[in-house]
Amino acid sequence: MIFAAPSIAPVRFACSPVDPHPGIVLVCHRLSLYLVKDGKTVLDLKFARDHNDQVRQMLQNRRSDLDATQILTLDERRRQVLAEVETLKAQRNRVNQEITDLKKAKADASALIGQMKAVSDRIKELDQEAAKTDQALREFMLLVPNVPHESVPVGLSEADNVEVRRWGSPPVFDFTPRDHWDIGEALGILDFPRAAKITGSRFTLLKGAASRMERALINYMLDLHTTRHGYTEVLPPFMTNADSLMGTGQLPKFGEDLFKLEGWNYYLVPTAEVPVTNIHRDEILAGDDLPIQYTAYTPCFRAEAGSHGKDVRGIIRQHQFDKVEMVQFTRPEVSFDQLEQLTRHAEAVLQGLGLHYRVMVLSTGDMGFSSAKTYDLEVWLPGQETFREISSCSCFTDFQARRANIRFRRGQGAKPEFVHTLNGSGLAVGRTMVAILENYQQADGTVVVPEALRPYMGGLERITPLR
RNA sequence: GGAGAGGUGGCCGAGUCGGCUUAAGGCGCUCGCCUGCUAAGCGAGUGUAGGGUGUAAAGCUCUACCGAGGGUUCGAAUCCCUCCCUCUCCGCCA
């Protein structure tokens, strides 16, 4: 197996106080390029300056066409301007005190005041110059992807993902298993034409046992994560502002995947990851409180731009779907261990429902922009005779923490450090129902309800045709 | 939607004819002293980020930050404008 082996890791970004995108206010404060080794931040912008070659190499590895030398230029310019403007500001502060003293003594200060006019104008100029440079540097850094962990297989696409393990076995049928849309429509519990009438394509009307199962699955998953896996349940807003989307990495690069509310700077959440991770934006957490583990149910809204004609049948790919998400904030040194654990938490849901699945580690070519390592859980769908993604579990190292300025203190008086963030679906509810319909279908067209779900469905054991 | 009041350091809370506030004071916290123990008392310290200077840590030094952004001014927590958020009353609504 081939592994990416960056001797040094990555390039990240951060930002500062100026607005690079109209209507979008950035909340990050640090302006530094840094490198991470063994999950620990060891170097910063100074390193990028002194070892620019290595930085360039890293960008190349991730197939980024960003030019690392631009960092040098911009940083040099920025520090030049800062040095000059800060000297002037120091002078201004000093002279202002003198003016104050003169005024107190009822003496004439007009000479000093006249002199400071020019200084003040120059400061104004330089401040603008510094802001421009900061903005350019930040825009650059916001487009730098996270760097894959050493254990991530190098590859160009989905085809290079590597199976890590699988659980269970596919159910055996003495008839030809059907797709979930056939099963659902025959039972009268999935209604596609009416959903298209109400809204449009990629929406589904659930009825009877389907809508109840959706609700049951949400409760089952939340209960599992809160009572067995140690997560705290939260129910966040289903819309977020642009700052939050910037914090988790959906913006500025992936705005076309989002539904934005007309006349508002609000977006429908594409995943609970956004509101939940941003719970602690701009906060310094107590080291003793880590790891912090949240689980949340939210609907998810995705424009699915660029997926036209893909998965058009059934409820696999919808503009709106329900998901239960797990989010963790951890110390840097344990984040990849936590990823293993979080992945097991997602797997526990599938195991509880008796669904056959496999775990894939995504290759460098298939993983997301913000992720350092991602496991996908793929559930077996007999109707389509294939494995389909039902959960995606990622460690983001401090990529999101830098953007969202989420830090922690190891102890009293210790310097704040960035936390690591993780999240994973636990699980995508709609696809879980798809899996149940297809895996538990019977020759007579009915569907057996998995035992774990029955308590949540009033003891219902079998779904029979509605009405 | 209408009317009004506010947003200050981890917390509470002063601070409007702009300049002795380098953000008073208190609480909390840390360290020390004192004290059978505890409590109380006494003393010192206590933010974040960036630049410069140190091999590094420390230290020293400069700059910025009183909801956010912009403006006026030699100088803004303090004045003006825009926006965000919180609270009160009215209206409407689940």
Side-chain angles (χ1 to χ4, degrees), chain A residues 13-34 41-50 74-135 137-138 141 237-244 246 261 263-266 278 280-289 401-418:
Chain A
F13 66 80
C15 26
S16 76
V18 196
D19 188 357
H21 301 277
I24 293 173
V25 180
L26 282 174
V27 292
C28 323
H29 309 296
R30 299 204 51 183
L31 189 55
S32 64
L33 183 73
Y34 65 98
T41 303
V42 291
L43 295 164
D44 63 1
L45 191 51
K46 279 180 190 141
F47 181 92
R49 221 153 45 211
D50 302 338
L74 290 170
D75 175 64
E76 177 61 25
R77 177 97 193 107
R78 172 173 174 273
R79 282 182 304 126
Q80 250 174 24
V81 174
L82 275 186
E84 187 179 349
V85 75
E86 290 190 354
T87 305
L88 289 179
K89 280 181 177 174
Q91 182 194 349
R92 184 181 68 184
N93 289 344
R94 208 165 42 240
V95 175
N96 280 341
Q97 187 56 48
E98 291 173 28
I99 292 173
T100 300
D101 294 343
L102 285 176
K103 293 240 173 186
K104 285 260 148 49
K106 306 276 193 229
D108 177 36
S110 56
L112 283 179
I113 289 176
Q115 180 191 331
M116 291 317 291
K117 251 187 184 118
V119 173
S120 193
D121 287 346
R122 181 66 182 149
I123 287 176
K124 215 162 277 181
E125 276 175 34
L126 290 172
D127 268 343
Q128 279 173 12
E129 179 67 31
K132 261 171 57 185
T133 316
D134 270 6
Q135 176 178 330
L137 199 45
R138 184 179 50 260
M141 289 169 163
F238 297 163
M239 302 177 205
T240 75
N241 56 36
D243 283 348
S244 292
M246 194 72 69
L261 273 71
W264 295 76
N265 195 20
Y266 294 165
N278 279 281
H280 295 299
R281 172 150 52 85
D282 286 322
E283 291 186 15
I284 301 177
L285 306 166
D288 290 344
D289 291 343
R402 289 200 171 244
R403 292 185 164 228
N405 194 31
I406 306 168
R407 294 172 294 173
F408 79 104
R409 243 189 269 273
R410 289 184 188 275
Q412 190 84 34
K415 267 186 83 85
E417 299 171 49
F418 289 108

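Naming convention: chains lettered A, B, ... in sequence-line order (proteins, then strands); numbering from 1 in each chain. Everything numeric here is computed off the predicted structure, so don't read it as measured data.
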Undergrad: For A:Arg409 and B:U48, what is the distance between atoms CZ and C1' respectively, to the nearest whole Å?
TA: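 My rounded result for the distance is 9 Å.
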Undergrad: Could you list the residues that satisfy side chain to side chain contact (heavy atoms under 4.5 Å, CB included) with A:Asn93, not counting sequence neighbours?
TA: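 Testing A:Asn93 for side chain to side chain contact (heavy atoms under 4.5 Å, CB included), a comparison that skips the adjacent residues, returns none.
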Undergrad: Can you list every side chain to side chain donor-acceptor pair (under 3.5 Å) pair that touches residues 109-120 of chain A, not counting sequence neighbours?
TA: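 Passing the test, one end in residues 109-120 of chain A: A:Asp108-A:Ser110.
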Undergrad: State, yes or no, whether a side-chain contact exists between A:Leu285 and A:Arg407 at a heavy-atom distance under 4.5 Å.
TA: no
Undergrad: List for me each residue that meets salt bridge (charged side-chain N to carboxylate O under 4.0 Å, His left out) alongside A:Glu283, sequence neighbours excluded, and say none if there are none.
TA: none
Undergrad: Roughly how many Å is it from CZ in A:Arg410 to P in B:U30, rounded to a whole number?
TA: 20 Å
Undergrad: Which part of the nucleic acid does A:Ile99 contact within heavy-atom distance under 4.0 Å: base, sugar-phosphate only, or nothing?
TA: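 The residue A:Ile99 makes base contact.
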Undergrad: Looking just at side-chain N and O atoms, do A:Asn405 and A:Asp282 make a donor-acceptor pair shorter than 3.5 Å?
TA: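 Looking only at side-chain atoms, A:Asp282 and A:Asn405 do form a donor-acceptor pair, the distance falling under 3.5 Å.
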Undergrad: For A:Gly114 and for A:Ala83, find the nucleotide of RNA chain B with the closest heavy atom, then tell me which residue's nucleotide is more 5'.
TA: A:Ala83
Undergrad: Expressed as a whole number of angstroms, how long is the span from A:Asn405:CG to B:A49:P?
TA: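 These atoms are roughly 9 Å apart.
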Undergrad: Hey, does A:Phe408 have a side-chain heavy atom less than 4.5 Å from the side chain of A:Asp289?
TA: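 A:Asp289 does not reach A:Phe408 side chain to side chain.
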Undergrad: Give the nucleotide from the list B:A49, B:C74, B:G51 with an atom nearest to the side chain of A:Pro416.
TA: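 Nucleotide nearest to A:Pro416's side chain: B:A49.
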Undergrad: Taking atom P in both B:G1 and B:C83, compute the distance separating them and give it to the nearest angstrom.
TA: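 12 Å, rounded to whole Å.
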Undergrad: Taking atom C1' in both B:C92 and B:U82, what distance in whole Å separates the two?
TA: 28 Å
Undergrad: Tell me: CD of A:Gln97 to P of B:U21, nearest whole Å?
TA: 10 Å
Undergrad: Does a side-chain N or O from A:Lys124 land closer than 4.0 Å to OP1 or OP2 of B:G75, or not?
TA: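 No, no such contact exists.
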Undergrad: Syn if the chi torsion is within 90° of 0, anti otherwise; quick check, which is B:G51?
TA: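 Anti for B:G51; the angle lies over 90° from 0.
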Undergrad: Under 3.5 Å, which N/O atoms of the protein pair with N/O atoms of nucleotides 56-63 of chain B?
TA:
unit_1 : atom_1 : unit_2  : atom_2 : d
B:U63  : OP1    : A:Asn93 : ND2    : 2.9

Undergrad: Compare the minimum distances between each of B:G19, B:G51, B:G47 and the side chain of A:Arg78, then state the nucleotide with the smallest one.
TA: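 Ranking B:G19, B:G51, B:G47 by closest atom to the A:Arg78 side chain puts B:G51 first.
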Undergrad: Distance check needed: B:A64 C1' versus A:Leu88 CG, whole Å only.
TA: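 The answer, rounded to whole Å, is 15 Å.
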Undergrad: Report the distance from atom CZ of A:Phe408 to atom P of B:G10, rounded to the nearest whole Å.
TA: 19 Å
Undergrad: Can you tell me if the side-chain N/O atoms of A:Arg407 get under 4.0 Å from OP1 or OP2 in B:A49?
TA: yes
Undergrad: Among A:Asn96, A:Ile99, A:Val95, find the one that has a side chain to side chain contact (heavy atoms under 4.5 Å, CB included) with A:Ile113.
TA: A:Ile99
Undergrad: In whole Å, what separates the C1' atom of B:A49 from that of B:C31?
TA: 26 Å
Undergrad: Map A:Asn96 and A:Tyr266 onto RNA chain B by nearest heavy atom, then report which one ends up closer to the 5' terminus.
TA: A:Asn96
Undergrad: Any chance you could encode RNA chain B as dot-bracket? Rule is Watson-Crick or G-U wobble with both distances under 3.5 Å; [ ] for pairs crossing earlier ones, | for another strand.
TA: ((((((((.[[[..)...(.....]]]((((((.......))))))(((((((.....))))))).[[[[[..)....]]]]])))))))....
Undergrad: Please identify each residue that fulfils salt bridge (charged side-chain N to carboxylate O under 4.0 Å, His left out) with A:Asp127, with sequence neighbours left out.
TA: A:Lys89
Undergrad: From CG of A:Asp101 over to P of B:C20, roughly how many Å is that when rounded to an integer?
TA: 10 Å
Undergrad: Is the phosphate of B:C74, meaning OP1 or OP2, less than 4.0 Å from a side-chain N or O of A:Lys117?
TA: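 Answer is yes, contact under 4.0 Å.
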Undergrad: Can you see if the side chain of A:Ser120 gets near the phosphate of B:G75 - specifically, an N or O under 4.0 Å from OP1 or OP2?
TA: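 Checking A:Ser120 against B:G75: at least one side-chain N or O falls below 4.0 Å of OP1 or OP2.
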Undergrad: Taking only residues two or more places apart in sequence or in another chain, which ones pass salt bridge (charged side-chain N to carboxylate O under 4.0 Å, His left out) with A:Glu129?
TA: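 A:Glu129 satisfies salt bridge (charged side-chain N to carboxylate O under 4.0 Å, His left out) with A:Arg77 once adjacent residues are dropped.
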Undergrad: Given B:C74, B:G19, B:G51, identify the nucleotide with an atom nearest to the side chain of A:Leu82.
TA: B:G51
Undergrad: Which residues pass the side chain to side chain contact (heavy atoms under 4.5 Å, CB included) test with A:Glu98, sequence neighbours left out?
TA: A:Leu112
Undergrad: Once you round it to whole Å, what is the distance between P of B:A49 and CD1 of A:Ile284?
TA: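 Going from A:Ile284 (CD1) to B:A49 (P), I get 7 Å.
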Undergrad: Taking the same atom, P, in B:U8 and in B:G4, what whole-Å distance lies between them?
TA: 23 Å
Undergrad: What residues form a salt bridge (charged side-chain N to carboxylate O under 4.0 Å, His left out) with A:Glu125, not counting sequence neighbours?
TA: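 Scan of A:Glu125 (salt bridge (charged side-chain N to carboxylate O under 4.0 Å, His left out), adjacent residues dropped) gives A:Arg122.
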Undergrad: What integer number of Å spans the P atoms of B:C17 and B:U72?
TA: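 Pairwise P distance, B:C17 against B:U72, rounds to 23 Å.
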Undergrad: Taking the same atom, P, in B:G9 and in B:A68, what whole-Å distance lies between them?
TA: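 Each nucleotide's P atom is 10 Å from the other's.
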